[in-house]
Each structure stands twice: as C-alpha cells, then as structure tokens.
Amino acid sequence: MNKIKLAIFDVDYTLTKRETLMEFYMFMIRKKPNLIKHLPRSIKAAFFYLFKIYDSQKSKESFIAFIDGINEEEMKDLVKEFYHKRLSKILYKDAIDTMRKLKKEGCLIYLISASAEFYLNELYNIDIVDRVIGTRFTLSDGIYGSKIEGKNCKGEEKVNRLMEVLENEDLEVDFKNSYMFSDSLADLPLFKLVGNPYLINYRKGHEEIKILKWR
C-alpha cells in the first residue's frame with residue numbers, strides 16, 4: 001500500500017486571524033441577544049483558566065454553556081450562517097494558498113483543532129479540505145450540551161485523534177514528507193510527528209521549526 005502525505009493545519013490563529021470560539025459566541029449573541037446572560041460565566045471561565053484554577057477542558061465546557069439545549073437541526077442552520085457571515089471572512093489567504101499548493105503536490109489536507117468540531121465542520125466548504133478533527137461536544141436525543149465528549153482535542157490528544165482516524169480508514173502515512181502548521185508550541189506532539197513543521201506568525205525565534213508570516 002502506498003503511503004499518503006498529510007498537510008496538517010491547526011485552525012485558530014493558523015488558518016484563521018481570530019479565535020473561532022469567541023467569534024461563534026459573538027455571532028450567537030447577535031442571533032440570540034438573551035445569550036448575553038452567559039457572559040459573566042464565560043469571563044469567569046477565561047479568568048480561572050488564565051490563573052490555572054480550571055484546566056482547559058473545564059474552562060471550555062464552562063465558556064461554551066451557551067449551546068446547552070440547542071437542537072441539532074437549529075444548530076445546522078446556525079453554523080452554516082456562522083461560516084458564511086463570520087468564519088469564512090477571517091481565513092488567512094496565505095493559509096488557503098498553502099493548502100492548495102500542497103493539495104496539488106499530493107497531500108491530504110487535515111485540519112486538527114481544539115475548537116468545537118460541530119462548527120469547524122463548516123470548513124469542509126473549502127473544497128480541498130479532506131478531514132476536520134475538533135473537540136466533540138455531547139449530542140443526546142438531538143440536543144447539544146456543553147460537556148466534552150471524550151477529551152479536549154489539544155496537545156497529545158490531537159495525535160491520538162489523528163491516529164484513530166488513520167486506523168479507522170486504514171491509511172498509512174509518510175510522516176517524514178508530511179507537513180504541520182500551527183501558531184503554537186502547544187502542538188509540539190504534532191510537530192514532532194512530521195518532517196516539515198512550520199510555526200505561523202510566531203513572535204520568537206525557534207531553533208528547530210521554521211517560522212512563516214501569514215496574512
């Protein structure tokens with residue numbers, strides 16, 4: 001079996017110019033102004049994470065409580081509108097150009113992010129994207145909840161989720177000739193996996209990983 005090459009992209013501040021969960025929250029407040037009631041809880045979650053009172057999973061679950069009780073059909077309509085009105089407007093042109101270049105060179109394009117998979121799935125609208133992997137939230141009897149299903153897709157968990165997909169689809173990867181793009185060293189587990197790692201708009205120098213400036 002021939003090995004495939006991957007071009008893996010983080011999403012927030014790598015593919016996008018802004019943080020997608022905050023963008024989604026602001027979109028939702030405009031759609032449903034009563035959701036402003038969740039703002040104090042969201043600020044508390046961010047504050048507690050900053051001072052290491054909450055871990056990233058608990059902080060995210062607390063912040064995203066505004067999705068509790070939204071049914072699946074309504075969410076489909078909401079995230080579709082979110083993509084067209086906000087998410088599609090904050091993509092780095094350089095990121096899309098790089099994706100298209102690597103796709104032509106035979107890479108599969110994988111987006112792996114700690115952000116919520118239910119709205120990141122709208123990035124399949126980018127016709128060269130092969131796989132979106134994000135943090136999954138509970139969906140029970142057609143109703144969304146703010147509890148994370150499994151683990152927050154961050155750090156080493158990104159590698160675990162990637163390997164799960166590759167195993168399920170019986171894909172063998174040429175990691176030496178694959179690529180990884182991220183704005184953060186939190187993605188070091190994925191950086192170490194590939195032969196071509198790149199940091200995006202990273203403010204400091206780095207001895208081992210080349211830095212690219214994207215706009």
Exercise. Any donor and acceptor pair, going by atom type alone, linking the side chain of Y119 with main-chain N or O of L21 inside 3.5 Å?
Worked result: yes

Smallest heavy-atom separation, L111 atom then L15 atom, equals CD1-CD2, 3.9 Å

(message) Classify the ring geometry of F24 against F27: parallel below 30°, tilted from 30° to 60°, perpendicular beyond 60°.
(response) parallel

When every non-hydrogen atom of V173 is compared with those of S178, the smallest separation belongs to CG1-OG, 3.7 Å

**Study point:** Side chain proximity check, I96 to I126, heavy atoms < 4.5 angstrom
**Key:** yes

For this session: Evaluate side-chain contact (heavy atoms from CB on, under 4.5 Å) for L123 paired with Y83, printing each intermediate quantity in order.
Result: CA-CA 8 Å; L123 292 171; Y83 175 78; 4.1 Å; yes

### Task
Go through E157 and Q57 one step at a time and tell me if the side-chain contact (heavy atoms from CB on, under 4.5 Å) criterion holds.
CA-CA 12 Å; E157 183 62 15; Q57 181 155 333; over 6 Å; no

Original post:
Any donor and acceptor pair, going by atom type alone, linking the side chain of D174 with main-chain N or O of K5 inside 3.5 Å?
Top reply: no

Heavy-atom nearest pair, I200 first then Y13, reads CG2-O, 4.2 Å

R136 meets the side chain to side chain donor-acceptor pair (under 3.5 Å) criterion, sequence neighbours left out, with none

ILVMFWY cluster, M28 and I67 together (side-chain gap under 4.5 Å): yes

>> Let's go through K101 and E105 carefully: what are the C-alpha distance in whole Å and the side-chain angles of both, what is the deciding distance for salt bridge (Lys or Arg N to Asp or Glu O under 4.0 Å) to 0.1 Å, and is it a yes or a no?
In response: CA-CA 6 Å; K101 175 178 178 292; E105 293 176 5; 2.8 Å; yes

| query | Is it true that a side-chain atom of N201 and a backbone atom of W214 form a donor plus acceptor pair closer than 3.5 Å? | reply | yes

Value for CG (D94) from CG (L212), rounded to nearest 0.5 Å, stands at 9.0 Å

Tightest non-hydrogen contact, residues V11 and S113, listed as CG2-CB, 3.6 Å

E117 side chain reached by R161 side chain, heavy atoms, under 4.5 Å:
yes

>> Could you check whether any side-chain N or O of K32 sits under 3.5 Å from a backbone N or O of F66, counting only pairs where one atom can act as donor and the other as acceptor?
In response: no

Of all heavy-atom pairs linking S182 and D187, the shortest is OG-OD2, 2.6 Å

message = Determine whether a donor-acceptor pair (N or O, by modelled atom type, separation under 3.5 Å) exists between the side chain of T135 and the backbone of C153.
response = yes

Item to complete: Please lay out, stage by stage, how D10 and K158 fare under the test side-chain contact (heavy atoms from CB on, under 4.5 Å).
Response: CA-CA 10 Å; D10 177 40; K158 287 189 176 184; 3.1 Å; yes

Examine I70 and F63 and state if one hydrophobic cluster contains both, with Ile, Leu, Val, Met, Phe, Trp and Tyr joined whenever side-chain heavy atoms are less than 4.5 Å apart.
-> yes

Check: Is K31 paired with E74 through a side-chain N to carboxylate O contact shorter than 4.0 Å?
Finding: no

| field | Step-by-step salt bridge (Lys or Arg N to Asp or Glu O under 4.0 Å) determination, K76 to E73 | value | CA-CA 5 Å; K76 285 180 182 178; E73 290 305 311; 3.5 Å; yes

Interatomic distance, NZ@K17 vs CZ@R215, rounded to 0.5 Å, equals 9.5 Å

When every non-hydrogen atom of F181 is compared with those of T14, the smallest separation belongs to O-CG2, 3.5 Å

Rounded to the nearest 0.5 angstrom, the CG-CD1 distance for N121 and I133 is 10.5 Å

In one Ile/Leu/Val/Met/Phe/Trp/Tyr side-chain cluster, 4.5 Å: I143, L78: no

Does L139 reach the side chain of E72, with side-chain heavy atoms less than 4.5 Å apart?
yes

Discussion item. Taking the side chain as everything from C-beta on, heavy atoms only, tell me whether V165 gets closer than 4.5 Å to N168.
Written reply: no

Notebook entry, point to check: Do the non-hydrogen side-chain atoms of M99 and V129 ever get within less than 4.5 Å of each other?
Noted result: yes

* **Audit row: K60, K154, side-chain contact (heavy atoms from CB on, under 4.5 Å) steps and yes/no** => CA-CA 12 Å; K60 185 172 292 182; K154 184 178 177 68; 6.0 Å; no

Exercise for review: May I ask you to say whether R100 pairs ionically with D127, meaning some side-chain N is under 4.0 Å from a carboxylate O?
Suggested key: yes

Sorted by chain and number, sequence neighbours left out, side chain to side chain donor-acceptor pair (under 3.5 Å) with S115 holds for D12, T20

- Query: Is the NZ atom of K93 crowded by more than 12 outside heavy atoms at less than 6.0 Å?
  - Reply: no

**Item:** Check: Y144 ring centroid to F137 ring centroid under 6.0 Å
**Value:** no

How about Y198 and T98: do any of their side-chain heavy atoms sit closer than 4.5 Å?
-> no

Rounded to the nearest 0.5 Å, the CD1 atom of I4 sits from the CD atom of E172 at a distance of 9.5 Å

Between the CD1 atom in I209 and the CZ atom in F191, the distance rounded to the nearest 0.5 Å is 4.5 Å

Examine distances only and state if a side-chain atom of K213 and a backbone atom of Y202 form a donor-acceptor pair shorter than 3.5 Å. yes

Backbone N/O of I109 and side chain of D130: donor-acceptor pair under 3.5 Å: yes

Rounded to the nearest 0.5 Å, the CG atom of L87 sits from the CG atom of N125 at a distance of 9.0 Å

Any ion pair linking K58 and E61 (charged N to carboxylate O, less than 4.0 Å)?
-> no

